[in-house]
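Have a look at the structure below, then the notes.
If you read the sequence from its start, that first residue is 1, and numbering goes on from there. Everything numeric in this text was worked out from a predicted model, so none of it was measured.
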Amino acid sequence: MDPIPGLDLDQPPFDLLDAPSRERLQASVDLTLHPPGSTLIEAGQPSPHVLVILKGLVHAYQPGGQSGQRPFGDYGPGDVIGVWAVMVGRARLSYRAQTDTLCFLIPSALFHRLLADNPTFAAYFNEGMASKGRLAAGGPDHGEAAELMLIQVADARPTPPVRVNADITIADATAQLHERRVDCLLVEDPAYPEPGIVTRTDLLEAVALVHAPLEAEVGPLANRPLVTVDTSQALFEALIAMTERRIERVVVKDRGAITGTLGLAEVLSHFTSHSHLIGLRLGRARTLEQVTEAAQGMDQLIRALHAHGARISYVMRLVSALNTRVMGRIFDLVVPPEVRPHLCLLVMGSEGRREQLLKTDQDNALVIADDLEWDGLEGAMERFSQALMDIGYPPCPGQVMVNNPAWRMTVGGWRMRIVRWQRQTDGQASLDLSIALDARPVAGNAELFTPVKRGLMALGEDEVLLHHLARATLNFDTQLSFFGRVKSGDEGVDIKKGGIFPVVHGVRCLALRHGIAETGTFERCELLAERGHLAATLARDLQQALSALQRMRLRTQLAAIDAGGTADNFIDTGSLGRLDRETLRDALHVIKEFRESIARSFRLST
């Protein structure tokens with residue numbers, strides 16, 4: 001059958017249909033003309049058709065506002081409208097033709113059949129922005145790659161657990177490993193509520209390095225607490241856990257009960273990632289030059305994970321785990337062992353939130369024990385900052401770095417600074433406080449950070465401070481026109497100022513107000529929703545929006561680097577495909593709604 005002129009079934013979302021569905025669609029679709037001012041669909045009402053615009057301009061309105069309706073967006077050729085009205089029987093928006101508008105009409109019964117016969121097509125509409133973002137990630141092998149990233153721990157076939165008593169000897173435990181063909185044992189000890197774990201390496205080191213007799217009991221060698229993953233978690237999360245904890249085996253639980261163990265080799269058999277090689281080289285590094293060499297593969301790792309469709313939140317967490325190891329190794333090389341218990345290295349900004357991708361700048365600080373006297377502190381911190389620059393981390397434009405005395409203070413000094421932040425509400429003080437609120441310890445003595453963190457969290461009780469702090473959420477325009485189209489300047493859309501920052505900072509302020517100590521935006525969103533401080537749908541949409549924007553920014557930055565340019569935060573909307581443009585617009589609409597909720601919550605004037 002010849003295709004109807006103008007109905008392009010090779011464009012999203014119709015390219016997701018199978019051949020029989022395309023034939024049915026071609027045979028049943030009709031064409032209609034809507035004059036200017038006519039209503040195509042009314043909010044709150046069902047629609048007998050899904051409409052695909054062939055020619056013309058349609059404006060969409062949300063119920064509400066002083067006039068009873070608020071502009072939401074405009075739609076033109078190729079856009080699909082009325083899906084919600086057909087799927088749930090009630091439209092969320094009203095659609096009115098602004099010019100003579102030609103539309104293809106897809107009968108509701110046919111549309112429901114298309115959804116039933118084509119799961120990927122249905123996912124495009126059912127799962128909203130998250131699904132669109134995954135489908136738009138692109139690449140001929142994206143479908144296979146997306147499935148790979150959804151593999152669960154249970155699918156990796158964990159090794160059944162082998163349990164022994166704490167009084168078993170090293171010799172007998174080694175025999176058990178050999179007989180059962182496993183690499184680890186779970187050690188049961190009445191003194192502990194949960195078992196510990198002892199690996200083949202633990203037994204070997206006890207005999208070869210500590211010279212423990214073969215008759216010694218394994219109980220003292222067991223490692224606790226267990227690092228666990230659930231069978232329902234994504235396998236990629238097991239890889240992140242191993243990277244963060246610098247271990248090669250985790251314990252698997254199913255509904256709270258231990259069901260097996262999972263080794264690094266089993267996990268890596270499912271991935272093309274070389275993160276384990278980076279971690280291995282970091283563990284072996286004995287000089288700053290060797291650390292630099294080990295970290296050279298970070299950008300290549302990010303490229304590989306991105307190309308294979310890895311979820312952006314997983315990529316950020318894995319990169320953060322490796323960055324933490326890089327910084328921890330440098331810290332250990334520049335600070336003598338006897339001094340380390342008196343210092344705590346902090347990372348802040350995107351690194352503190354575990355949302356770092358490509359190297360942007362350094363955001364770090366130091367907490368110093370009040371009684372430390374060490375003449376080598378300044379030189380060590382200079383070497384630390386320089387080593388990060390050698391690896392590829394540019395200096396922070398605001399000098400938020402450990403080589404700046406303003407960001408390395410005693411515990412008492414940090415407490416005094418927190419008091420000043422509470423009293424001062426100017427731009428620089430708010431900026432510095434925002435940076436500090438995302439701080440997390442990565443090396444040294446983490447206990448030194450505890451009183452500092454406690455002081456920071458106490459600021460959440462000061463509504464005046466929160467009011468001034470939250471105002472920054474409204475500083476940058478969401479870059480949507482009056483009718484919801486994405487506004488793009490000569491350089492493109494600033495995806496950080498107009499999109500990422502309002503989400504990160506708004507969620508940060510809500511978390512501070514409600515006593516949520518986690519630093520990651522995704523974790524903060526989930527906890528705010530769980531505790532009833534953020535609507536569950538908005539929390540979900542914010543996480544999806546942030547993932548979509550981070551993915552687009554990364555792809556654009558990688559393309560800029562490949563072209564010999566510099567990675568920045570601007571996206572050329574003209575270079576985006578239809579699906580990415582729609583995802584970008586959806587994300588910015590979510591952020592606009594969130595900014596409005598922040599303005600109401602903190603009583604800010606817009």
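The two residues Y314 and A234 have their closest heavy-atom pair at OH-CB, 3.1 Å. Heavy atoms only, all atoms of each residue included: A91 and I41 are closest at CB-CG2, 3.5 Å. Minimum heavy-atom separation, L114 to S21: CD2-CB, 3.7 Å. L93 and A60 get closest at one heavy-atom pair: CD1-CB, 4.1 Å. Nearest heavy atoms, L346 versus A439: CD1-CB, 4.2 Å. Heavy atoms only, all atoms of each residue included: A122 and L115 are closest at CB-O, 3.5 Å.
Remark: the backbone N or O of S232 is paired with a side-chain donor or acceptor of Q152 at under 3.5 angstrom. Distance alone, capped at 3.5 Å, is enough to place a donor-acceptor pair between the T99 side chain and the L57 backbone. Within the 3.5 Å criterion, the main-chain N or O of A535 finds no donor-acceptor partner in the side chain of T537. Between the side chain of R524 and the backbone N or O of E518 there is at least one donor-acceptor pair closer than 3.5 Å. With hydrogens and angles ignored, the 3.5 Å screen pairs no side-chain donor or acceptor of Q69 with any backbone N or O of Q62. The closest donor-acceptor contact from the side chain of E593 to the backbone of H589 lies at 3.5 Å or more, if one exists at all. No donor-acceptor pair under 3.5 Å is formed between the side chain of S430 and the backbone N or O of G427. Judged purely by atom type and a 3.5 angstrom limit, D494 uses its side chain to pair as donor or acceptor with the backbone of K497. A donor-acceptor pair is defined here as one N or O able to donate and one able to accept, closer than 3.5 Å; no such pair exists between the side chain of R440 and the backbone of T519. At distances below 3.5 Å, at least one donor-acceptor pair connects side-chain atoms of D79 with backbone N or O atoms of G76.
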Can you list the steps and then say if D568 with R553 is a salt bridge (Lys or Arg N to Asp or Glu O under 4.0 Å)? CA-CA 8 Å; D568 58 28; R553 180 171 72 161; over 6 Å; no
Just do the side-chain contact (heavy atoms from CB on, under 4.5 Å) check on F522 and M316 with the steps written out, would you? CA-CA 11 Å; F522 293 90; M316 291 189 296; 3.5 Å; yes
Verdict with reasoning, D432 to W407, per side-chain contact (heavy atoms from CB on, under 4.5 Å): CA-CA 10 Å; D432 289 347; W407 287 97; 3.8 Å; yes
Evaluate the criterion salt bridge (Lys or Arg N to Asp or Glu O under 4.0 Å) for residue pair D74 and R96; output intermediate values, then yes/no. CA-CA 10 Å; D74 57 9; R96 294 188 178 89; over 6 Å; no
Trace of the salt bridge (Lys or Arg N to Asp or Glu O under 4.0 Å) decision for D10 with R22: CA-CA 10 Å; D10 291 326; R22 293 188 183 201; 3.1 Å; yes
Report the C-alpha distance between N364 and M348 in whole Å, list the side-chain angles of each, state the deciding distance to 0.1 Å, and finish with yes or no for side-chain contact (heavy atoms from CB on, under 4.5 Å). CA-CA 6 Å; N364 46 57; M348 299 179 290; 5.6 Å; no
As a quick check of understanding, evaluate side-chain contact (heavy atoms from CB on, under 4.5 Å) for L542 and T521, giving each step before the final call. CA-CA 9 Å; L542 284 172; T521 306; over 6 Å; no
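Screening L239, I240, L322 for a side-chain contact (heavy atoms from CB on, under 4.5 Å) involving R317 leaves a single residue, I240. Of the residues listed (V402, I330, V291), the one engaging L388 in a side-chain contact (heavy atoms from CB on, under 4.5 Å) is I330, and it is the only one.
R551 and T556 form no side-chain donor-acceptor contact under 3.5 Å, judged by distance and modelled atom types alone. For N323 and E351, the side-chain atoms include at least one donor-acceptor pair closer than 3.5 Å.
Judged as a ring pair (Phe, Tyr, Trp, His ring centres under 6.0 Å), not a single pair has a partner in residues 536-566 (not counting sequence neighbours). The list of ring pair (Phe, Tyr, Trp, His ring centres under 6.0 Å) pairs with a residue in residues 531-558, not counting sequence neighbours, reads H514-H533.
Counting heavy atoms of neighbouring residues, nucleotides and ligands inside a 6.0 Å radius, atom NZ of K359 exceeds 12 of them. The neighbour count for R245 CZ, taken as heavy atoms of other residues, nucleotides or ligands under 6.0 Å away, does not exceed 12.
Under the 4.5 Å side-chain criterion, counting only non-hydrogen atoms from C-beta, L433 is in contact with L469. L16 has its side chain out of reach of N118: every pair of non-hydrogen atoms, C-beta onward, lies at least 4.5 Å apart. Two residues are said to be in side-chain contact when any heavy atoms from C-beta on lie closer than 4.5 Å; P394 and M389 fail this criterion. By the 4.5 Å heavy-atom criterion applied to side chains, Q11 and D15 are not counted as neighbours. L510 is listed as a side-chain neighbour of S601, based on a closest heavy-atom distance under 4.5 Å. Contact check for L102 versus I53: no side-chain heavy atoms found under the 4.5 Å cut-off.
F501 pairs by the ring pair (Phe, Tyr, Trp, His ring centres under 6.0 Å) definition with F476, H505, not counting sequence neighbours.
A cation-pi geometry, defined here as NZ or CZ lying under 6.0 Å from the six-membered ring centre and within 45° of its normal, does not hold between R471 and F602.
Aromatic ring centres of F14 and F104: separated by at least 6.0 Å.
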